[in-house]
Number of protein chains: 2
Amino acid sequence: MIDAELYRVFNTVATCGTVSAAAEALFVTQPAVSKSIRKLEELTDCRLFIRSSKGVRLSTEGQILFEYVKKGFEHLQNGEQVLKKIRNREEGLVRVGISSTLCRYYFIPHLEAFHQRYPGIRITIVNRTSPETLKLLEGGLIDFGIISIPKKRSPFVYRELLTIRDVFVAGRDFPGLQGPVPLQALGQYPLMMLEKDNVTRQYIDAYLTENGAMLQPDIEIGSLDFLVEFARIGLGVALVIRNFIDDELRFGLLREIEVTPAPPPRQIGIVMPANLPLSVAAKAFIDALCPQVRP
Amino acid sequence: MIDAELYRVFNTVATCGTVSAAAEALFVTQPAVSKSIRKLEELTDCRLFIRSSKGVRLSTEGQILFEYVKKGFEHLQNGEQVLKKIRNREEGLVRVGISSTLCRYYFIPHLEAFHQRYPGIRITIVNRTSPETLKLLEGGLIDFGIISIPKKRSPFVYRELLTIRDVFVAGRDFPGLQGPVPLQALGQYPLMMLEKDNVTRQYIDAYLTENGAMLQPDIEIGSLDFLVEFARIGLGVALVIRNFIDDELRFGLLREIEVTPAPPPRQIGIVMPANLPLSVAAKAFIDALCPQVRP
DNA sequence: ATCATGATATAACCTTGGGTTATGGTATAA
DNA sequence: TTATACCATAACCCAAGGTTATATCATGAT
């Protein structure tokens, strides 16, 4: 194929109507443009322009070529424009994998802030469990995930967002369990936890086993919402995430039950593919989530 | 706009899937391509490819850009192809202005030959009088015209095709007018000529006036066909073009009446715009009509 | 007629940027 | 481990494209 730059010059000259104007538009001198169109004419072996003292106009063959070249450069220019907008974060798409719980209690404010800051970037949220989120990440179906306690050693890279603590809570008027109590003491009360397949639950089960407490929950449910609600109306003792029930504690709707040993704190963080460049939009989102500098 | 050559390299790499293959396709070395895509990435400030030891693949932004660039270069390549076909005379259009008489008696065999030689070139024939043909030429609506006795001094250039002679003819058994006769002698017979607005007629009128013969035709008609036919059935003496009644003379259907002085021979020729390049197709046609070399 | 203007063409020269060769790093397959 | 195929980097080089200067031509105004 002929040097695409020659077509660009041709396109500009045909559009401008004079060689001089085209030269100005291309930020080069007039002889340079003259030379270029002459060269294109030699390569195509076709007279493309009719020169006169008033400027140039397209020959029969030039007109035909111009129909194609014009369209071609419209596409190239559109592409350039779109890329520029993406670069300026005026357009784009970011696909996030996140559990329902984290979305509900942690993610929404960030989402809102990001959307206000970059209204042109569309956001896709895929609500799945952590293992499924990792699968999606592997398949390239999401840009990054937000999960808790990511396993080390995998083709992903992690970034901590927040340290969370698991705590036991009960309703305001729930009897007993005042002050620090041993873990085993909870066995006497109705216990409420998340479902088995939840990562949080698995973490807690490990913690319980480690401390020799064979506690089984009386109620299992998929959503933290319900746990909070059930505890509030006095159904029993619920295991919830401390960070997400600030309001209930402040307003006295729930009270925290201090157990020893307390469940060790853990992290939630971003997981993303290692060695794969993030899209501009995804990078912007992650920067908004944790604006620390990177090497 | 960014250097179009960089987009071409981008397009090739994206299509080939590896830098090395693209280099081969572009007839350059691999480092040259590496450098080009790096430069494009710098100019757009976007990572466009994800490199691996198996090759490269498009990043999110690269994919988006590629959608546009691909289409863009499809157009450019199509244009290049079409121009090549025009150059090879496999496609094209030639627009000829010619009178009905010349078309009927002179042009058709050439037309046929040209069409057989270049079946891909479409032909438009515009049947008009010579002055109208010149107008069309001026307006750029035809590529060239075929007319007789072009006036000198105009923004056109001429090329002779054929010398023609105007002769008087009568039917085989038409009485009298044997051997050379003076022009005035024709006044005794029914005279048949083309219509007033015909260039041939004007030429003959000037010839008659010049020779002091105030002859008026008894029959005027627009088509040479009818003149020939009328003479054949003995209606009178017709003024026709010698070159176009070869057959009738050979078969003895008509006989030529020698008058003194004879009308001076004149030419038919091609008229085309001066200083305007002809289209490839038009040039091919003219070359086929009179294959003489040009300066 | 004459001159001024604005357009393209041409020639000679210069420089920069794309291309080359050589080399190194890194996954993947044998 | 070796071998291979791929991409990145560095240093060098030279032609292609650009610049300046000038010629030429057509046009329109004085």
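Basis for what follows: all heavy atoms, side chains included, without hydrogens, waters or symmetry-related copies. If you're wondering where the values come from, they're calculated on a predicted model, not measured in any experiment. Every chain is numbered from 1 and lettered A, B, ... according to where its sequence line falls, protein lines coming before strand lines.
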Item to check | Protein-nucleotide distance (Arg51(B), atom CZ; dG25(C), atom P), rounded to Å | outcome: 19 Å
Item to check | Whole-Å distance separating the CZ atom of Arg47(B) from the P atom of dC7(D) | outcome: 14 Å
Checklist entry - To the nearest Å, how far apart are Arg57(B) CZ and dC6(D) P? => result 17 Å
Next on the checklist: Counting only heavy atoms from other residues, nucleotides and ligands, does the tally under 6.0 Å from CD of Glu74(A) exceed 12?
Outcome noted: yes
Checklist entry - For Leu276(A) and dA27(C), what is the distance between atoms CG and P respectively, to the nearest whole Å? => result 13 Å
Checklist entry - Quick one: Glu41(A) CD to dT8(C) P, roughly how many Å, whole number? => result 13 Å
Item to check | Minimum-distance pair of heavy atoms, taken over all atoms of Lys54(B) and Thr18(B) | outcome: O-CG2, 4.2 Å
Next on the checklist: side-chain hydrogen bond (donor to acceptor under 3.5 Å, both in side chains) for Gln30(A) and Ser20(A)? Distances and angles first, verdict last.
Outcome noted: CA-CA 5 Å; Gln30(A) 169 260 316; Ser20(A) 319; 5.7 Å; no
Checklist entry - For the pair made of CD1 in Ile2(B) and P in dG18(C), what is the distance, rounded to whole Å? => result 13 Å
Checklist entry - Between Ile50(B) (CD1) and dA27(C) (P), how many Å, whole number? => result 15 Å
Item to check | Selection: residues 9-20 of chain B, any non-hydrogen atom under 4.0 Å of DNA chain D | outcome: Thr18(B), Val19(B), Ser20(B)
Item to check | Side-chain heavy-atom pair Ile121(B), Leu93(B) within 4.5 angstrom cut-off | outcome: no
Checklist entry - Hey, is CD on Glu24(B) packed in by over 12 heavy atoms from elsewhere, all under 6.0 Å? => result no
Checklist entry - Tell me, for nucleotides 9-22 of chain D in 5' to 3' order, what letter each nucleotide earns: B for a base near a protein heavy atom under 4.0 Å, S for only sugar-phosphate near one, - for neither? => result B-------SBBBB-
Checklist entry - Is the closest side-chain donor-acceptor distance between Gln81(A) and Tyr68(B) under 3.5 Å? => result no
Checklist outcome for this item: Sorted by chain and number, sequence neighbours left out, side chain to side chain contact (heavy atoms under 4.5 Å, CB included) with Leu276(B) holds for Ile50(A), Arg57(A), Pro273(B)
Checklist entry - Does the separation of the ring centres of Phe285(A) and Tyr118(A) fall below 6.0 angstrom? => result no
